[in-house]
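This report concerns only the one structure given below.
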Amino acid sequence: MLRWTIIFLIVAVVAAVFGFGGIAGAAAGIAKILFYVFIALFLITLAGRLIRR
């Protein structure tokens with residue numbers, strides 16, 4: 001999931017450089033959402049492993 005976040009972030013930066021504001025904004029929004037989902041899943045997994053111990 002972190003890989004997809006980085007890919008969308010790179011797409012957003014490239015689109016912004018070439019002046020495609022709408023595409024850059026959409027890609028940045030998707031990257032932000034995927035990053036938050038990744039962080040939430042990471043914390044849930046971490047908490048689950050600590051509880052098992």
Side-chain angles (χ1 to χ4, degrees):
M1 179 130 355
L2 189 57
R3 180 180 295 155
W4 282 105
T5 302
I6 293 169
I7 289 170
F8 276 107
L9 183 63
I10 291 170
V11 168
V13 170
V14 170
V17 167
F18 288 118
F20 299 112
I23 296 171
I30 292 170
K32 184 188 281 188
I33 291 169
L34 287 176
F35 179 73
Y36 289 135
V37 169
F38 168 76
I39 293 297
L41 290 175
F42 173 74
L43 292 175
I44 290 169
T45 303
L46 185 64
R49 289 185 185 250
L50 288 176
I51 291 173
R52 282 188 179 173
R53 283 187 153 192

Same cluster or not: are [X] and [Y] linked, directly or through other Ile, Leu, Val, Met, Phe, Trp or Tyr residues, by side-chain heavy atoms under 4.5 angstrom apart?
| X | Y | value |
| --- | --- | --- |
| Leu9 | Ile39 | no |
| Phe38 | Ile10 | yes |
| Ile51 | Leu41 | no |
| Ile7 | Leu34 | yes |
| Ile23 | Ile6 | yes |

Minimum heavy-atom distance [X]-[Y], with the two atoms named:
| X | Y | answer |
| --- | --- | --- |
| Ala16 | Ala24 | N-CB, 3.7 Å |
| Thr5 | Ala31 | CG2-O, 3.3 Å |
| Ala28 | Ala12 | N-CB, 3.7 Å |

Do the rings of Phe8 and Trp4 sit parallel, tilted or perpendicular, given the 30° and 60° boundaries? tilted
